[in-house]
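Position 1 is the first residue of the sequence; numbering continues from there. Values below: every heavy atom of this structure, side chains too, minus hydrogens, waters and symmetry copies. In this text, all values refer to a predicted model and were calculated from it rather than measured experimentally. When a ligand or atom number is given, it counts from 1 through the structure's own listing order.
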Amino acid sequence: MEGSINMSANGFLLAALFLFCFLGFSHGHIHFSSLPRSLEVTASPKPGQVLKAGVDKISVTWVLNGTVKSGSDSSYKTVEAKLCYAPVSQVDRAWRKTEDDLSKDKTCQFLIVGKPYNPANKTVQKFEWTVARDIPTGTFFVRAYAFNSAGEEVGYGQTSDNKKGTNLFQIKAITGRHISLDIASVCFSAFSVLSLSGFFLAGKRKTKKAEAPGQ
Ligand SMILES: *[C@@H]1O[C@H](CO)[C@@H](O)[C@H](O)[C@H]1NC(C)=O
Ligand SMILES: *[C@@H]1O[C@H](CO)[C@@H](O)[C@H](O)[C@H]1NC(C)=O
């Protein structure tokens with residue numbers, strides 16, 4: 001009698017533990033394939049355009065996709081627009097790999113902007129961004145995620161098609177030549193400051209000599 005009560009209590013405990021673990025593990029693991037394409041996203045680069053990191057600008061816009069049910073954005077709290085690797089720039093690079101589990105996905109590593117989302121405002125939202133200086137050379141598209149108040153992805157939109165094969169642009173990284181040019185200009189400035197102060201000192205010495213009596 002007592003044993004069977006213990007058994008069922010244990011069984012219950014085990015089931016509860018199992019459920020807890022299951023919920024615990026599945027919590028927060030959002031899968032990209034489960035997200036609706038609920039945002040319309042545009043970016044200014046033309047297909048195939050080459051942009052220079054640290055120099056060129058990208059203008060990004062997003063707005064609720066006109067085909068989704070009205071009110072489906074009521075839980076949206078923020079939107080983040082990101083720069084994402086196209087498949088051609090992911091080949092043989094595990095550190096850029098696409099994973100359906102968004103906590104492991106490395107497709108979109110570069111944040112362009114994060115902004116609050118106001119469901120009452122249906123105006124197209126716009127942001128202009130200078131391509132950051134640390135963006136590597138590659139082929140990219142832009143994706144925006146909508147997040148709820150728990151910080152979970154609840155929708156997305158992107159400038160490319162679902163296969164990430166259309167409307168891609170390229171970024172050219174800041175090269176070593178640029179960096180050596182930067183160093184050269186720093187050295188040149190240092191040199192001009194030194195030579196200027198050299199002239200100044202020489203000039204001072206001359207005037208001292210001229211002023212010094214009996215020389
Ligand atoms: C809007 O949503 C529909 C349905 O999910 C989708 O087929 C379409 O591609 C979306 N439009 C844009 C611009 O993302
Ligand atoms: C709606 O969004 C636009 C674009 O960001 C902004 O200029 C405007 O002030 C917003 N309106 C409201 C009522 O928040």
Study note, to complete from the structure: Near Thr67 (heavy-atom distance under 4.0 Å), the atoms of ligand 1 are 1 (C), 2 (O), 3 (C), 4 (C)
Review point. Is Lys172 atom NZ crowded by more than 12 heavy atoms from other residues, nucleotides or ligands, each under 6.0 Å away?
Key: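 No, not enclosed.
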**Study point:** Path from Phe141 to Val41 over hydrophobic side-chain contacts below 4.5 Å
**Key:** no
Exercise for review: For ligand 1, find out whether one of its N or O atoms is nearer than 3.5 Å to an N or O atom of Glu40.
Suggested key: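 N/O-N/O distance under 3.5 Å: no.
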Practice item. May I ask whether Leu39 has any heavy atom positioned less than 4.0 angstrom from an atom of ligand 1? Key: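 For ligand 1, residue contact (heavy atoms, under 4.0 Å) with Leu39 is present.
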Study note, to complete from the structure: Phe32 meets the ring pair (Phe, Tyr, Trp, His ring centres under 6.0 Å) criterion, sequence neighbours left out, with Tyr156
Review point. For Tyr117, which residues count as a ring pair (Phe, Tyr, Trp, His ring centres under 6.0 Å) partner, sequence neighbours excluded?
Key: Tyr76
Practice item. Only one of Ile58, Thr130, Ile135 passes side-chain contact (heavy atoms from CB on, under 4.5 Å) with Leu51; say which it is. Key: Ile58
Exercise for review: Salt-bridge test for Asp73 and Lys122: reply yes if a basic N is under 4.0 Å from a carboxylate O, no otherwise.
Suggested key: yes
Practice item. Select one of side chain, backbone, both or neither to describe which atoms of Val68 lie under 4.0 Å from any atom of ligand 1, heavy atoms only. Key: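 The answer is neither.
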Practice item. Show your working on side-chain contact (heavy atoms from CB on, under 4.5 Å) between Lys77 and Asn148 and close with a plain yes or no. Key: CA-CA 5 Å; Lys77 282 288 178 296; Asn148 63 16; 5.5 Å; no
Exercise for review: Go through the structure and list residues passing salt bridge (Lys or Arg N to Asp or Glu O under 4.0 Å) with Lys57, not counting sequence neighbours.
Suggested key: none
Short N or O separations between ligand 2 and the protein, below 3.5 Å:
from     : atom 1 : to     : atom 2 : distance (Å)
ligand 2 : 2 (O)  : Asn121 : ND2    : 2.4
ligand 2 : 2 (O)  : Gln125 : NE2    : 3.0
ligand 2 : 5 (O)  : Gln125 : OE1    : 2.6
ligand 2 : 11 (N) : Asn121 : ND2    : 2.8
ligand 2 : 14 (O) : Asn121 : ND2    : 3.3

